[in-house]
Amino acid sequence: MSKRVRVRFAPSPTGGLHIGGVRTALFNYLFAKKHSGDFLLRIEDTDQTRFVEGAEEYIIETLKWCGIEPNEGVGYGGEYGPYRQSERKPMYRQYAERLVEAGHAYYAFDTPQELEEMRERMKAAGNPAPQYNWATREYMKNSLTLPSDVVKQKLEAGEPHVIRIKMPRNEEVKFEDLIRGWVSFQTNQVDDKVLLKADGMPTYHLAVVVDDFTMKISHAFRGEEWLPSAPVHVLLYKYLGWEDQMPLWAHLPLILKPDGNGKLSKRDGDRLGFPVFSLDWTTKDGERQSGFRERGFLPEALINFLVLLGWNPGIAQEIFTLDEMVERFDIARVHQAGAKFDFEKCKWFNHQYVQKISNSQLADVTEKILAEKNIKAERAFVEHICGLVKERCTFMNDVWDNAFFFFQRPEKYDVDAVKPKWTEEKRQFFDLLISRFEDLNTWENSEIEKVFKDLAAEKNIKVGELQMPFRIMLCGGKFGPPVFEIAHTIGKNETVERIKLALTNFNF
RNA sequence: GCCGCGUUGGUCAAUCGGCUAAGACGCCUCCCUUUCACGGAGGAAUGACGGGUUCGACUCCCGUACGUGGUACCA
């Protein structure tokens, strides 16, 4: 009987949540649902200097928007709280001290300056990345080098100190990663990580194992950037006597920049013109970072795109509902290699999903844009327009760009599309067309087309040669739904007015 | 530098020792449409390199190269 599946998404509230975080949350969610387990949200706010107001709410809102809500944790309650690490502060120290007593950790009194000096000295001696480890700790101020009475005295005097893990010498630490298989490390290569900081807060290393253990986490998924410190966590489970309760690890591949090298960062969005955050976010410096939601993405599309970045069910199908993802998801099929973010493909997914959406939903978004432009329109009309141009929309807020001419007359004309083939005969055709249109009693699509084509035949001009100028008169450019559909939709009077207006402008 | 992880078309990727190497995005051509888009039909484009193991290697092993991550009292 295996234990209940409990997974957690544990972000730090340091700003907007970028899509790498969203994907980590998604994989956790899918795994939890797949195994009828729990999905919890834990906030890792142990670094008080990096805490950002509002970031926690942002994370919760993102999860809600994406439809991958936790069922336990910050904002959701549960039996294993508190779920904010800052609120758990009092419980970490005892574990760190337990480790000290057992000889697996020690007090270190080195000041930041002393640490800096040590590093400078080592660098000067040719070590590019000095560590506080099995070798250097011998020369530092800690409970391993200082006489015990001095240590006791410092502790009692309340001298600032940290607790560091004492990495063993010449040992191999290995564990089986759900995605990568067996991974092993030599302890000599790992430094004596700080477990408890001078301010009494735990570092990530201590907090993640204490919390995962006490919250009964069964599977721990996190980004690949954590792999190098995994041996510290594995050892901590061992030293704390929780080895048999250690969650199964899975280190997720990174999401990389579309161009060049490195992992996707906040900067790449601005540089290449696409969002990397879930929602719009304004930093306290007033810097605005755009989000997928405001950009016009549908959460289902974003999720669908993200689930396939680093995971593949092995079938040709690419469009999945959340339920289908849950059904097919398998952590063992997550890739080992990082994946480059491809905005074109991301847009394709959104286009697919926009096509499925109702005209009414599209109209909701479009009405807001119309309101901003002070344009009033009947709801039914807006919905009809949305239906007409939907297939041309990649984003939810694309309707205006594809349909503005239904709401206002063109402000300029694509003269290059008309001028070269414009003739006096064509002008006469349109003059006549105006009166033919005015004589019409009804204004049906087919009827408009018939009148237009009959007149073209009378004047012996090819219909195709006339349709383009007609389109330019109505829309201003070479785009949009079928012309007769446009004429029908804007109505007879407006159509006639636009022809007249265009004719006065077509002076070539 | 050291350590970890990785490497199938431009990108996402299938393949679990039998490959004439799927599919999707993007790109190109054609058809539809005398617009744009959608849709349809085609096309170009891939196993980093070198050694093994094997009847047979994209698949397994080793080395090299390259990429990526870590190397903080940040997560």
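Remember, predicted model here, so these are calculated numbers, not experimental data.
For the C1' atom pair drawn from rA41(B) and rG52(B), the interatomic distance equals 46 Å after rounding to whole Å.
Of the N and O atoms on the side chains of D45(A) and S86(A), at least one donor lies less than 3.5 Å from an acceptor on the other residue. In summary, the side chains of Y139(A) and T145(A) do not present any donor paired with an acceptor at a separation below 3.5 Å, with no hydrogens or angles considered. Y353(A) and N304(A) share a donor-acceptor pair across their side chains, judged by distance under 3.5 Å alone. Side-chain atoms of H251(A) and R180(A) form no donor-acceptor pair, as typed in the model, at a separation below 3.5 Å. Judged by distance alone, the side chains of S12(A) and E44(A) never bring a donor and an acceptor atom under 3.5 Å apart.
Listed candidates were rU34(B), rC5(B), rA75(B). Nearest to the side chain of E224(A) is rC5(B). Nearest nucleotide to the K197(A) side chain, out of rC12(B), rC5(B), rA75(B): rA75(B). Among rU34(B), rC16(B), rC25(B), the nucleotide with an atom closest to any side-chain atom of Q467(A) is rU34(B).
For the segment residues 226-237 of chain A, residues with any heavy atom less than 4.0 angstrom from an atom of RNA chain B are, sorted by number, W226(A), L227(A), P228(A).
Side-chain contact between F305(A) and F297(A) is absent, with no heavy-atom pair separated by less than 4.5 Å.
Nucleic acid contact class of S184(A) (heavy atoms, under 4.0 Å, all strands): sugar-phosphate only. Among the protein residues, A339(A) comes within range of the sugar-phosphate backbone only, with heavy atoms under 4.0 Å from sugar or phosphate atoms but none that close to a base.
With hydrogens and angles ignored, a donor-acceptor pair closer than 3.5 Å exists between the side chain of K345(A) and the base of rA24(B).
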Convert the base pairs of RNA chain B into dot-bracket notation, remembering that pairs crossing earlier ones are written with [ ] and that bases paired across to another strand are shown as |; include only Watson-Crick or G-U pairs under 3.5 Å. (((((((..(((.....[....))).(((((.......)))))....(((((..]....))))))))))))....
